[in-house]
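All ligand and atom numbering here is 1-based and tracks the order in the structure. When a residue number appears, it is its place in the shown sequence, counting from 1.
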Amino acid sequence: GAFKDSLTQAQKDELHQIALKIVQDGKGILAADESTGTIGKRLDAINLENNETNRQKYRQLLFTTPNLNQHISGVILYEETFHQSTDKGEKFTDLLIKQGIVPGIKLDLGVVPLAGTIGEGTTQGLDKLAERAAAFKKGGCGFAKWRCVLNIGTHTPSHLGMLENANVLARYATICQANGLVPIVEPEVLCDGEHDLARAQKVTEQVLAYVYKALADHHVYLEGTLLKPNMVTPGQSSSSKATHEEIGLATVTALRRGVPAAVPGITFLSGGQSELDATANLNAINTAPLGKPWKLTFSYGRALQASVLKAWGGKDENIAAAQKTLLHRSKANGDASLGKYAGEDAAGAAAESLFVAKHSY
Ligand code: 5MM
């Protein structure tokens, strides 16, 4: 049908530049946008009460890590964190911007059931989204995130599940772009289930096809977006395991089939993988023997924070050690985003043992 471009060239250029900054060589995103309930589970694991003081303390630890900007180009914040400051009174957003790190904001308001489906959902938060996006842009954010969830079952994801989630991601993306925020489009195909690698690949391809059809229908400017997908892995309860190389090949194959070359970058979620698997798989993705027209990097929550939380344990005397752990995992993933991850040195062994001790997220 007829198309009237709603973004000016200057708006497009700004969005494209932000996206390119986030996926610059050797860097990726720290997803620190856990909502109050989710961060509560993380704090509970180290016996800390889930209150505003402890949430501020923890995020301060992350964002004041010396040299964080060496491997981190963007940080996703939850609304409460966006409004918080360091003990010295500097806003977290200003602290990040000062380091050349782009602050981002989680805009979705969570998953709700999709009536009539077999346990499928959609993500809410479109009401007043333009006003919220404009306020976060004004407050220094350069990008946003919206997470949709799809699950693999005998009869899922359904046509309705894929169509609805693709459409809501597209609506969110247009609203972000109109307000100067690069939308990170996150259609997460969960790894729960007994399915094998081939099924995970097929479902990921189908989900991506729905997403990019919707983004095209809604006139989303692809150069000013980023994709945050799952890696293609066998289901968590699958009897068949896959090597990093097989995961890398399946993931890049699916992405090549579904993601337009105009998209500047793909920033993977870790989805409950161990820290070491998330790093090794990202490296295998970048070394897979296929053409890759986009940057392939990380936007990890759990796989950047599990051993950091453990090292901290809520104690002030451990802050420096916890920050060292964060820098170490960020470097490992930054190397993996270049296909140059060569395994772990001594500090990495620490990260490994910490991870094994905390096996289930
Ligand atoms: C960090 O967790 C994010 C927010 O989760 P809730 O809405 O449950 O609080 C989450 O969206 C995250 O950014 C992505 O799922 C990627 O995180 P992982 O841990 O899978 O790398």
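Residue-environment remark: NZ (K228) exceeds the threshold of 12 foreign heavy atoms within 6.0 Å. Remark: K213 NZ is loosely packed, at most 12 non-hydrogen atoms of other residues, nucleotides or ligands lying under 6.0 Å away.
Residues that satisfy the side-chain hydrogen bond (donor to acceptor under 3.5 Å, both in side chains) test with Y172, not counting sequence neighbours, are absent from this structure.
Judged by distance alone, the side chain of T81 and the main-chain N or O of L77 form no donor-acceptor pair under 3.5 Å.
For F92 and F82, the ring centers sit 6.0 Å or farther from each other.
At a threshold of 4.5 Å between non-hydrogen side-chain atoms, the residues R329 and L326 do not count as touching.
Sorted by chain and number, the residues within 4.0 Å of ligand 1 by heavy atom are A31, D33, E34, S35, T38, K106, K145, R147, E186, E188, K228, L269, S270, G271, Y300, G301, R302.
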